[in-house]
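Let me begin by presenting the structure, written as structure tokens, before commenting on it.
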Amino acid sequence: SINNIINFNLHPTNISTDYLNACRNKLKNNSVLQLDNFLLPESLKKIQNEASILHSKAYYCSQNHTVLLNKQNSNLDINDPCNIEVKSDKGCVPHDLIPSSSDLNILYKSIVFTEFLEKVLKVKKIYPYKDPLSSINYNYYEKKQQLGWHFDNASFAITLMIQSPDSGGVFQYINKGRDF
């Protein structure tokens with residue numbers, strides 16, 4: 001049940017108009033909405049345990065890309081910011097390997113969570129991502145691995161941090177970067 005996953009005491013996503021408005025304002029002002037302790041501690045532990053169990057199934061790869069997630073554009077100067085290559089290397093467990101009973105899957109499929117996102121983002125309808133590999137996934141970063149600077153291809157993305165790094169691991173973003 002979603003009631004065993006979301007910390008509704010801290011995040012009354014389904015009952016508080018004031019909370020919803022505060023989330024919209026944070027998103028508008030910061031270009032990101034950070035919801036600390038969004039999961040109940042028991043759910044977080046279950047998800048962390050699942051990520052640990054699935055870690056051996058992660059596919060690791062490394063690739064160079066531009067911030068727009070493309071190859072370099074020969075029509076642009078090599079030093080154009082849209083042409084600078086960055087590196088992403090990580091391990092990934094795709095959605096099709098995550099059990100349907102997983103709290104992560106339950107959250108992803110939750111009507112309560114989806115309606116909260118629709119209201120915060122002011123969109124009429126959010127549809128599930130049809131790609132059976134990348135709708136949700138676990139990402140693993142070993143020592144010196146990284147997710148290079150990029151603009152997501154989707155109109156929004158959700159990153160659920162389930163474990164702090166031993167060191168480093170700074171999650172950075174640019175305020176009002178995409179539309180400004």
Side-chain angles (χ1 to χ4, degrees), residues 1-52 54 67-69 90 92-95 98-141 146-180:
S1 162
I2 198 68
N3 292 328
N4 296 324
I5 299 172
I6 296 175
N7 186 343
F8 287 112
N9 288 333
L10 289 178
H11 304 284
T13 60
N14 58 344
I15 58 170
S16 173
T17 303
D18 289 342
Y19 179 79
L20 181 65
N21 288 333
C23 289
R24 279 186 191 145
N25 287 335
K26 285 181 188 175
L27 182 60
K28 181 181 177 185
N29 293 333
N30 302 326
S31 302
V32 68
L33 175 59
Q34 181 175 322
L35 302 175
D36 294 331
N37 301 306
F38 186 73
L39 301 178
L40 288 168
E42 301 81 25
S43 181
L44 177 59
K45 285 178 189 169
K46 284 173 61 178
I47 290 172
Q48 289 170 332
N49 185 52
E50 180 175 82
S52 179
L54 291 172
V67 295
L68 299 175
L69 299 175
K90 65 183 177 187
C92 181
V93 169
H95 193 171
I98 299 172
S100 59
S101 61
S102 166
D103 279 11
L104 195 56
N105 250 322
I106 293 168
L107 178 63
Y108 177 75
K109 294 175 181 174
S110 165
I111 293 170
V112 170
F113 185 56
T114 301
E115 287 178 348
F116 167 68
L117 294 174
E118 289 169 347
K119 290 174 185 172
V120 169
L121 297 169
K122 296 183 180 180
V123 295
K124 287 185 181 183
K125 182 74 177 151
I126 293 175
Y127 297 93
Y129 201 59
K130 288 294 183 184
D131 185 339
L133 301 179
S134 64
S135 44
I136 59 174
N137 52 64
Y138 284 111
N139 289 325
Y140 304 87
Y141 299 93
Q146 63 187 320
L147 181 59
W149 271 101
H150 67 280
F151 290 92
D152 288 320
N153 292 329
S155 56
F156 73 93
I158 297 172
T159 300
L160 180 62
M161 301 282 196
I162 62 168
Q163 181 177 328
S164 297
D166 294 331
S167 65
V170 178
F171 187 82
Q172 298 174 319
Y173 67 93
I174 296 174
N175 187 16
K176 299 180 180 176
R178 177 187 292 243
D179 296 331
F180 293 83

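Along the sequence shown, residues carry numbers from 1.
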**Prompt:** Has the side chain of Glu42 got a donor or acceptor atom that lies under 3.5 Å from a matching backbone atom of Asn4?
**Reply:** no

**Fill in**
SG of Cys92 to CG of Leu133, rounded to nearest 0.5 Å, is 8.5 Å

**Item:** Pair listing, ring pair (Phe, Tyr, Trp, His ring centres under 6.0 Å) test, anchored in residues 113-139, at least two apart
**Value:** Phe38-Phe113

**Prompt:** Which atoms form the tightest heavy-atom contact between Ser135 and Tyr108, and what is the distance?
**Reply:** CB-OH, 3.4 Å

**Request:** Quick one: list whatever passes salt bridge (Lys or Arg N to Asp or Glu O under 4.0 Å) with Lys46, sequence neighbours left out.
**Result:** Asp103

**Request:** Taking the side chain as every heavy atom from C-beta outward, state whether Tyr140 and Val93 have any pair of such atoms under 4.5 Å apart.
**Result:** yes

**Asked** For the atom pair CG (Leu117) and CD1 (Ile126), what is the distance rounded to the nearest 0.5 Å?
**Response** 4.5 Å

**Complete:** By side chain to side chain contact (heavy atoms under 4.5 Å, CB included), Asp18 pairs with (sequence neighbours left out) Ser16

**Prompt:** Measuring from Ile6:CD1 to Ser43:OG, what's the distance to the nearest 0.5 Å?
**Reply:** 9.0 Å

**Prompt:** Between Thr13 and Leu20, is a side chain to side chain contact (heavy atoms under 4.5 Å, CB included) present by the stated rule, with each step listed?
**Reply:** CA-CA 7 Å; Thr13 60; Leu20 181 65; over 6 Å; no

**Request:** Would you please name every residue forming a side chain to side chain contact (heavy atoms under 4.5 Å, CB included) with Lys26, sequence neighbours left out?
**Result:** Asn30, Leu33

**Item:** Heavy-atom neighbours of Gln48 CD exceed 12 at 6.0 Å
**Value:** yes

**Prompt:** For Thr17, which residues count as a side chain to side chain contact (heavy atoms under 4.5 Å, CB included) partner, sequence neighbours excluded?
**Reply:** Asn21

**Ser134: partners by side-chain hydrogen bond (donor to acceptor under 3.5 Å, both in side chains), with sequence neighbours left out** = Asp131

**Message:** For a 4.5 angstrom cut-off between non-hydrogen side-chain atoms, does Ile98 reach Ile136?
**Reply:** yes

**Item:** salt bridge (Lys or Arg N to Asp or Glu O under 4.0 Å) contacts in which one or both residues fall within residues 112-122, not counting sequence neighbours
**Value:** none

**Fill in**
Output for pair (Leu39 CG, Leu107 CG), nearest 0.5 Å, gives 6.5 Å

**For Asn49, side-chain hydrogen bond (donor to acceptor under 3.5 Å, both in side chains) partners two or more places apart** = none

**Prompt:** Between CD1 of Ile47 and CD1 of Ile5, what distance do you get to the nearest 0.5 Å?
**Reply:** 6.5 Å

**Within-4.5 Å side-chain heavy-atom neighbours: Ser1 and Ile106** = no

**Asked** Sequence neighbours excluded, which residues qualify as side-chain hydrogen bond (donor to acceptor under 3.5 Å, both in side chains) partners of Gln146?
**Response** none

**Asked** Rounded to the nearest 0.5 Å, how far apart are CG of Leu104 and CG of Leu160?
**Response** 6.5 Å

**Fill in**
Sorted by chain and residue number, the side-chain hydrogen bond (donor to acceptor under 3.5 Å, both in side chains) partners of Asn105 (sequence neighbours excluded) come out as His95

**Prompt:** What heavy-atom pair brings Pro94 and Asn137 nearest, and what distance separates the two atoms?
**Reply:** CA-CB, 4.1 Å

**Selection residues 13-34 - residue pairs positive for ring pair (Phe, Tyr, Trp, His ring centres under 6.0 Å), sequence neighbours left out** = His11-Tyr19

